[in-house]
Amino acid sequence: MPELPEVEIVKKSLKKNVKDKKILDVIVINRNLRFKVDKDFEKILKNRKIQNVNRYAKNIIVELNGNIYVIIHLGMTGTFHLIRNNILKNTNLSFYQSKDLPIKHNHIVLIFKKFRVIYNDPRRFGFFKLLKDKESFKLYLKNIGYEPLDKNFNLKYLKKSIQFRKKCIKSILLDQKIISGIGNIYANEILFRSGLNPRKKGLKLKNFELKYLYKYSKLVLKKAILKGGSSIRDFRNTEGAKGSFQDNFKVYDKDNHNCPNKKCNYKIKKIKISNRSTFYCENCQK
DNA sequence: CCGTTAACCTGAGAGC
DNA sequence: TGCTCTCAGGTTAACG
């Protein structure tokens, strides 16, 4: 479920706890995630030191000594739990789940000296991808479109990736190969703020509309990160802080609510675009 | 090459 | 209670 802002929060919590720590052991309980966990995953990670934890779009990048990279994607329901030795109370690293370690769907356990980190994922849409050299890591990133917070994400990039496409702008925003990091919530929110109808075709967008898209995709994601992400269910990060961007939703899950634009008396509509729920105001978004 | 659809999974909640 | 149906913050193989 997490999109760029939520993955950023998870990454920060993870980084704070595991950077410069050595992985003493690895247990894979279930290899059948979106991609099968590599056969030598345990062997390669064991006794390696975590040099850094980064993020690009919705991918968490764990950098280990010896040019080993682990790309972690949380899919729809992936969460991390950090459990300190000899302390019964669990510390949750994740969004969207209870503070306690779930009983079912724990798939991967990383054991450190003073704690262990457990990956839980009921639907198993997430993955752990092992990349064994810098080249394959670079290649992996190359196949992802720029995220709105990337310095290369600019008007020129938007023009060349949007203005010739027949598909609708919402599908473009959700296509990680074109623009990465945006998911269903933020696509809806960005389009409302940009005054763009989600069904509008990419090639119909005018330059001034691309400028709005540029502005609001950055702005919405940044603000969501500042607010600690969005959440519909309970969650805590390691500081016990809650995300609150859900209070700033203007259209997502607001069908039949009044349009937030005070000068408008229309109701927010709910439609489906390529099987994803889409919320918009037909008066404010042209 | 392009765009759309079905499929991958489990669990929560609504309606009966 | 329990059954069936729909929906969920994601991605991608397969198809036309």
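So you know, we letter chains A, B, ... as the sequences are listed, proteins then strands, and number each from 1.
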Presence of [X] side-chain N/O under 4.0 Å of [N] phosphate oxygens OP1/OP2:
X      : N      : value
A:R34  : C:dG10 : no
A:H73  : C:dT11 : yes
A:R123 : B:dC8  : no
A:H105 : B:dC9  : no

By nearest atom, which of the nucleotides [options] is closest to the [X] side chain?
X      : options                : value
A:P122 : B:dG11, B:dT4, B:dC9   : B:dG11
A:K272 : C:dT11, C:dA8, B:dG3   : C:dA8
A:K58  : B:dG11, C:dG10, B:dT4  : C:dG10
A:K104 : C:dT12, B:dG11, C:dT11 : B:dG11
A:S277 : B:dT5, C:dT12, C:dA8   : C:dA8

Using a cut-off of 4.0 Å on non-hydrogen atoms, how would the nucleic acid contact of A:R165 be classed: base, sugar-phosphate, or nothing?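 Answer is sugar-phosphate: A:R165 comes under 4.0 Å of backbone atoms only.
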Using a 4.0 Å heavy-atom cut-off, does A:Y186 contact any base of the nucleic acid, only the sugar-phosphate backbone, or nothing at all?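 Here A:Y186 touches no strand at all.
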Looking only at side-chain N and O atoms, does A:Y146 offer a donor or acceptor that is under 3.5 Å from a partner on A:N154?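 No - no donor-acceptor pair under 3.5 Å links their side chains.
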Nearest-Å distance for atom pair [atom1]/[atom2], residues [X] and [N]:
X      : N      : atom1 : atom2 : result
A:F279 : C:dC7  : CZ    : C1'   : 10 Å
A:I273 : C:dT11 : CD1   : C1'   : 18 Å
A:L174 : B:dT5  : CG    : C1'   : 15 Å
A:K167 : C:dT12 : NZ    : P     : 12 Å
A:N32  : B:dT10 : CG    : C1'   : 15 Å
A:N275 : B:dC8  : CG    : P     : 14 Å
A:R276 : B:dT5  : CZ    : P     : 14 Å
A:D121 : B:dT10 : CG    : P     : 11 Å

Tell me, with the steps shown, if A:Y252 and A:F245 meet ring pair (Phe, Tyr, Trp, His ring centres under 6.0 Å). CA-CA 11 Å; A:Y252 182 78; A:F245 193 74; over 10 Å; no
Searching all strands shown, indicate the nucleotide that pairs with C:dA8 (Watson-Crick or G-U wobble; both distances under 3.5 Å).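 Across all strands, the one nucleotide that pairs with C:dA8 is B:dT10.
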Select from A:R124 and A:K166 the residue whose nearest nucleotide in DNA chain B is closer to the 5' end of that strand.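 The residue mapped nearer the 5' terminus is A:K166.
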Determine whether the aromatic ring of A:F125 stacks with the base of B:dC8, defined as ring centroids separated by less than 5.5 Å and ring planes inclined by less than 30°.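 Taking the rule of under 5.5 Å and under 30°, the ring of A:F125 does stack on B:dC8.
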Please indicate whether [X] has more than 12 foreign heavy atoms, meaning atoms of other residues, nucleotides or ligands, lying under 6.0 Å from its [atom1].
X      : atom1 : result
A:F35  : CZ    : yes
A:K262 : NZ    : no
A:F41  : CZ    : yes

Could you work out the separation of C:dC3 and B:dC9 based on their P atoms and round it to a whole Å?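 Taking atom P in both C:dC3 and B:dC9, they lie 24 Å apart.
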For the side chain to side chain donor-acceptor pair (under 3.5 Å) test, which of A:K167, A:R165, A:K170 pairs with A:D175?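 Among A:K167, A:R165, A:K170, the one meeting side chain to side chain donor-acceptor pair (under 3.5 Å) with A:D175 is A:K167.
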